[in-house]
Structures are given as structure tokens and as C-alpha cells.
Amino acid sequence: MKKMDNLPSPIGVEKSEILRVLLKEEYGAIPSRPYSVTGRVESVDARFAAGKAPLKKVILTCLAEWGEFSFPVYYVAPKSEENVPCFIHINFRDSVPDKYQPTEELVDYGFATLTFCYEDVSSDDGDFTNGLAGVVFKNGERRADDCGKIGLWTWAAMAVMDYAQSLSEIDKTRISVVGHSRLGKTALLTGALDERFYCAFSNDSGCSGAAISRDNSGELIKDIIRNFPYWFCENYKKYVDAEDTLPFDQHWLLAANAPHKVYVASARDDFWACPENEFLSCAAASDYYNSIGLEGIMSKTFPEEGKCIHGGNIGYHMRAGDHYLSREDWLHYINFLNFKK
Ligand code: GTR
């Protein structure tokens, strides 16, 4: 197991300063929050999940100082229950159910889901003229510290959280955010910026998500900047081949999720996401949780495949297999939450 004694520590740093550094240097400034979010139900499938939970397609309209933006979300809530916990799932597709979202099973465990497709917010490329980007950036032009696409998807997840506040079936104190890979990075940033969440779940988020960037044996900042420069702010480019000069590392993103819970899931064969560095991040962020009087992760020993570290405010598991969001991951998430039905 690697040791990292050269990590900048967030201990003693105000949360607002942790967030300022992360946004200035990595993700960029997020558009200002909407002053109103309203939902219009466009269609209902009353027979969804054998009639146990209607599936609603809802168009959210967000009004902000910079203008108006609308996008679809998909809402499923168990009919027979009240005050249900909820997952806001930032997904790659708009299908419900989906290979990354076993919706009926989540219903059977008593969960509502609110899902949106990230590309309904803005395309996953360097075009900043479409969707939300087209509204907030005039002529598609960004300043060096304006956000990239991860910041825009994060903005949308928080808008869905705003909408969730209006849903009477949902227990507002038990709403979590989930995402896989680039959307795991997005889920962690969402949890960091929005204290209303109960927990942020990062599935295989890797480089510039959960994984420590220093001494990473998978994807490096230079790789991610070569392939996906538009996920981040322009400032992040200065850390290509210069990880040691980062004034932070990715455990700051986990630390910024305090005081609520945060969870990191890795997959054994997902070397690109670097499971070991994802775990190191949990261990390092745990010291920060402890410093503010909260339990962090319950063990700092890198677990064997299939084992979960649950019970604290930081959870972790590494399952067998490769890079995807599986039913097994969801079941571990549900166990970690441990909400008695
Ligand atoms: C990879 C990228 C990773 C991860 C992944 C994904 O190609 O290098 O950082 O985000 O894509 O989102 O599927």
C-alpha cells in the first residue's frame, strides 16, 4: 500500500476556502443558482414497475439571473410509501430503467429515483454553445476560471435537488446523489457544493474525481486534459505533468462533502481509475472528518475485493470486474445507507 506523506492537508482550512480552491484551479466557477425551479409533468407511465411506482417524465424549468434553462428529469417513487429516501442519479442515458439503474429493484428497497441524462444539460464535448452552456456563456466563450462541463452537470444536479424539495413523497433529509465515472466526478462535486445531500456516491470516478492525483498509476492529469479538456476550467491545464504543484489533491473534494456522508466505489480491474488512489483519498479525507469531530472511514487498510468498509461517514468498496455501475454497486450503496424500511 502506497504512503503519501506529501499531500497538502485540508485540516484547519475553512470549507469555503476548500471549495474556492477546487473551483478556481480545477472545476471552474459554477453558474449562479436558479431562483426558481418548477416541474411540468409531461407524461406518466402508471404501469411502471408492475404498477408499484409510476414513472413520470418532468420538464424542469429553471429561472436564474442569466436567463432560463429547461431539461427533462425522470421521476419514480414507490406508490405505497411516504417519506421515501431518494437517489438523484446523473446518468449517461435518459432510459429508465437502464443498465446503470435497476429502478424497480430500488423501488422494492423503498427508494425513489430522480434521473437525468447529462447530455440533456450540455453535450459531452468542447462545444459551449448548446444547452445550459449556450445560455450562460455568450458566444460559447469561457474565461479561464469559468466551469467546464462537469460544473454544468453539477449545476443541473443541484437544480434537481431544488425540485426534489417540492415532492411530497420524498424525505428531504435522505436524498443522495450518484454518478459513474465522469458523472462520479460530478456527483462528488455536487455533494461538495450542496449540503442538503445525505450522501454523495462516486462510482469509479478516478482521475480528477475520487483518486489522488499524485503518484497515480492510472489516468494522469495530462491524459484527461488531452482527451477531455472541456470537463474542467482552463486553469487546470497548468497541472499537466505537475501534480506535485497542486495546492490540493482529490481528498479535498471528499473533505468538502463533510459534514454529510461520502462514498467511493472502485472496481478491481479498473486500473485507469486507480482503485488504490481512490482508497487513499478516503483515508486522507478521513483525517479531515476526524478534525471536525466526525467519524471518517472505519479502516485505513486497503480492502480485499468484494469487501465493504461501512459504518463511518466515508464508505468504500472494491468489487470485482471493470468500469461500470453495476447492480452490486447499488446494493452496497443501499446497505451503506442502512435505512430501515
Ligand atoms: C475515461 C476517462 C475517465 C472517466 C471515463 C468515463 O475515458 O478518462 O476519467 O471519466 O472516461 O467517464 O467513462
Side-chain angles (χ1 to χ4, degrees), residues 22 25-28 88-95 98-101 115-127 131 133 147-157 177-192 200-234 236-237 239-241 243 246 248-254 262-282 318-319 321-326 328-330:
L22 288 167
E25 303 298 325
E26 186 170 12
Y27 303 104
I88 293 179
H89 180 207
I90 314 163
N91 202 1
F92 288 89
R93 293 158 295 274
D94 65 3
S95 44
D98 179 72
K99 63 181 179 179
Y100 282 179
Q101 188 185 300
T115 317
F116 66 96
C117 172
Y118 76 137
E119 290 202 294
D120 283 337
V121 177
S122 191
S123 60
D124 190 358
D125 57 24
D127 175 3
C147 73
K149 292 294 171 93
I150 287 177
L152 298 182
W153 302 326
T154 294
W155 180 93
V177 58
V178 183
H180 168 66
S181 205
R182 65 201 70 183
L183 303 179
K185 308 181 211 299
T186 307
L188 288 175
L189 184 59
T190 303
F201 289 93
S202 149
N203 201 83
D204 306 353
S205 65
C207 177
S208 311
I212 295 290
S213 296
R214 286 168 171 80
D215 201 14
N216 189 305
S217 47
E219 184 175 28
L220 302 175
I221 295 178
K222 77 168 172 221
D223 301 311
I224 209 162
I225 288 293
R226 183 175 58 243
N227 297 321
F228 307 106
Y230 47 83
W231 286 351
F232 307 96
C233 66
E234 291 288 319
Y236 197 40
K237 292 183 174 161
Y239 299 107
V240 167
D241 286 327
E243 279 83 358
L246 284 165
F248 62 96
D249 210 314
Q250 292 307 121
H251 60 308
W252 286 44
L253 182 61
L254 302 190
V262 65
Y263 193 104
V264 174
S266 305
R268 188 197 56 206
D269 302 334
D270 189 8
F271 79 94
W272 195 236
C274 199
E276 191 176 1
N277 279 32
E278 292 193 310
F279 183 70
L280 282 171
S281 202
C282 296
M318 183 175 62
R319 60 156 171 76
D322 210 331
H323 190 70
Y324 48 78
L325 173 50
S326 72
E328 182 181 347
D329 295 307
W330 281 106

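Whatever order the structure lists ligands and atoms in, that order sets their numbers, starting from 1. Note that the coordinates shown come from a computational prediction; the quantities given were computed from them, not determined experimentally. Start at 1 with the first residue, then count along the sequence.
Under a cutoff of 6.0 Å and an axis angle of 45°, Arg319 and Tyr324 form a cation-pi pair.
With sequence neighbours excluded, no residue forms a side chain to side chain donor-acceptor pair (under 3.5 Å) with Asp120. When the salt bridge (Lys or Arg N to Asp or Glu O under 4.0 Å) test is applied to Lys99, no partner is found at least two apart in sequence or on another chain.
Contacts classified as salt bridge (charged side-chain N to carboxylate O under 4.0 Å, His left out) and involving residues 267-277 (residues at least two apart or in different chains) are given here: Arg268-Glu305.
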N or O contacts of ligand 1 with protein under 3.5 Å, please list pair by pair.
| from | atom 1 | to | atom 2 | distance (Å) |
| --- | --- | --- | --- | --- |
| ligand 1 | 8 (O) | Glu219 | OE1 | 3.1 |
| ligand 1 | 8 (O) | Glu219 | OE2 | 2.4 |
| ligand 1 | 8 (O) | Trp272 | NE1 | 3.0 |
| ligand 1 | 9 (O) | Lys185 | NZ | 2.9 |
| ligand 1 | 9 (O) | Glu219 | OE1 | 2.6 |
| ligand 1 | 10 (O) | Ser181 | OG | 3.2 |
| ligand 1 | 10 (O) | Arg182 | N | 3.2 |
| ligand 1 | 10 (O) | Lys185 | NZ | 3.3 |
| ligand 1 | 11 (O) | Arg182 | NH2 | 3.1 |
| ligand 1 | 12 (O) | Ser181 | OG | 2.7 |
| ligand 1 | 12 (O) | Arg182 | N | 2.8 |
| ligand 1 | 12 (O) | Arg182 | NE | 2.5 |
| ligand 1 | 12 (O) | Arg182 | NH2 | 3.2 |
| ligand 1 | 13 (O) | Ser181 | OG | 2.8 |
| ligand 1 | 13 (O) | Arg182 | NH2 | 3.2 |

Handout entry: Steps toward side-chain hydrogen bond (donor to acceptor under 3.5 Å, both in side chains) verdict (Tyr236, Ser208)
Key = CA-CA 10 Å; Tyr236 197 40; Ser208 311; 2.8 Å; yes
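By the neighbour-count criterion of 12 heavy atoms within 6.0 Å, atom CZ of Phe228 is densely surrounded, having more than that number from other residues, nucleotides or ligands.
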